[in-house]
Amino acid sequence: MIIPWQQIDADTLDNLIKEFVLREGTDYGESEVSLDDKVRHVRSQLESGEAVIVFSELHETVDIKSRRSL
């Protein structure tokens, strides 16, 4: 089930994005990218619709996925 990011409390959304970024360990190449920059990048993907927040009722988990992967 896709959960609209606009319906999530701002602090909760920030924590969800931070947890996702830290868990994913995304590789940004040779240059270091700060946690804040990574969070802003994921937030912009959510705002543009490139990424969505998905709740799995079966596993009772929340994740961020690219819309294309669904």
Side-chain angles (χ1 to χ4, degrees):
M1 166 187 326
I2 295 177
I3 307 296
W5 64 269
Q6 302 92 330
Q7 295 181 2
I8 300 174
D9 175 76
D11 288 337
T12 302
L13 181 60
D14 283 342
N15 289 331
L16 176 65
I17 294 171
K18 285 178 187 173
E19 188 273 335
F20 171 76
V21 167
L22 293 171
R23 178 173 30 107
E24 290 299 307
T26 306
D27 183 13
Y28 286 84
E30 290 183 22
S31 63
E32 282 293 316
V33 178
S34 72
L35 176 61
D36 288 339
D37 286 343
K38 292 176 186 179
V39 168
R40 277 192 288 278
H41 181 74
V42 172
R43 181 181 290 279
S44 71
Q45 288 180 322
L46 288 168
E47 291 172 355
S48 72
E50 292 175 59
V52 293
I53 298 172
V54 180
F55 174 70
S56 168
E57 294 180 55
L58 177 64
H59 298 105
E60 296 183 354
T61 58
V62 177
D63 200 3
I64 298 174
K65 301 275 188 187
S66 74
R67 186 172 291 279
R68 289 179 286 158
S69 70
L70 300 177

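Quick note: residue numbers are just sequence positions, from 1.
- With rounding to the nearest 0.5 Å, the separation of CD1 in Ile8 from CG in Asn15 is 11.5 Å.
- From Glu19, atom CD reaches atom CG of Asp63 across 8.0 Å, with rounding to the nearest 0.5 Å.
- Ile53 CD1 to Leu46 CG: the interatomic distance, rounded to the nearest 0.5 Å, is 5.0 Å.
- When all heavy atoms of Arg67 and Ile2 are compared, the pair lying nearest together is NH1-CD1, 4.3 Å.
- Here Phe20 contributes atom CZ and Lys65 contributes atom NZ; the two are 8.0 Å apart, rounded to the nearest 0.5 Å.
- In the hydrophobic clustering of this structure, Leu70 does not group with Leu16; members are Ile, Leu, Val, Met, Phe, Trp, Tyr whose side-chain heavy atoms approach within less than 4.5 Å, directly or through other members.
- Taking each heavy atom of Asp9 and Asp11 in turn, the nearest pair found is OD2-N, 3.1 Å.
- Hydrophobic clustering places Leu22 together with Val42 (ILVMFWY residues linked when any side-chain heavy atoms are closer than 4.5 Å, directly or through intermediates).
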request  = Test side chain to side chain contact (heavy atoms under 4.5 Å, CB included) on Arg43 and Leu13 and set out the steps.
outcome  = CA-CA 9 Å; Arg43 181 181 290 279; Leu13 181 60; 3.4 Å; yes
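- Note that the CD atom of Glu50 and the CZ atom of Arg68 stand 7.5 Å from one another [nearest 0.5 Å].
- Glu60 CD: 12 or fewer foreign heavy atoms inside a 6.0 Å radius.
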request  = Before giving the answer on side chain to side chain contact (heavy atoms under 4.5 Å, CB included), spell out for Ile3 and Val62 the whole-Å C-alpha distance, their side-chain angles and the decisive distance to 0.1 Å.
outcome  = CA-CA 9 Å; Ile3 307 296; Val62 177; over 6 Å; no
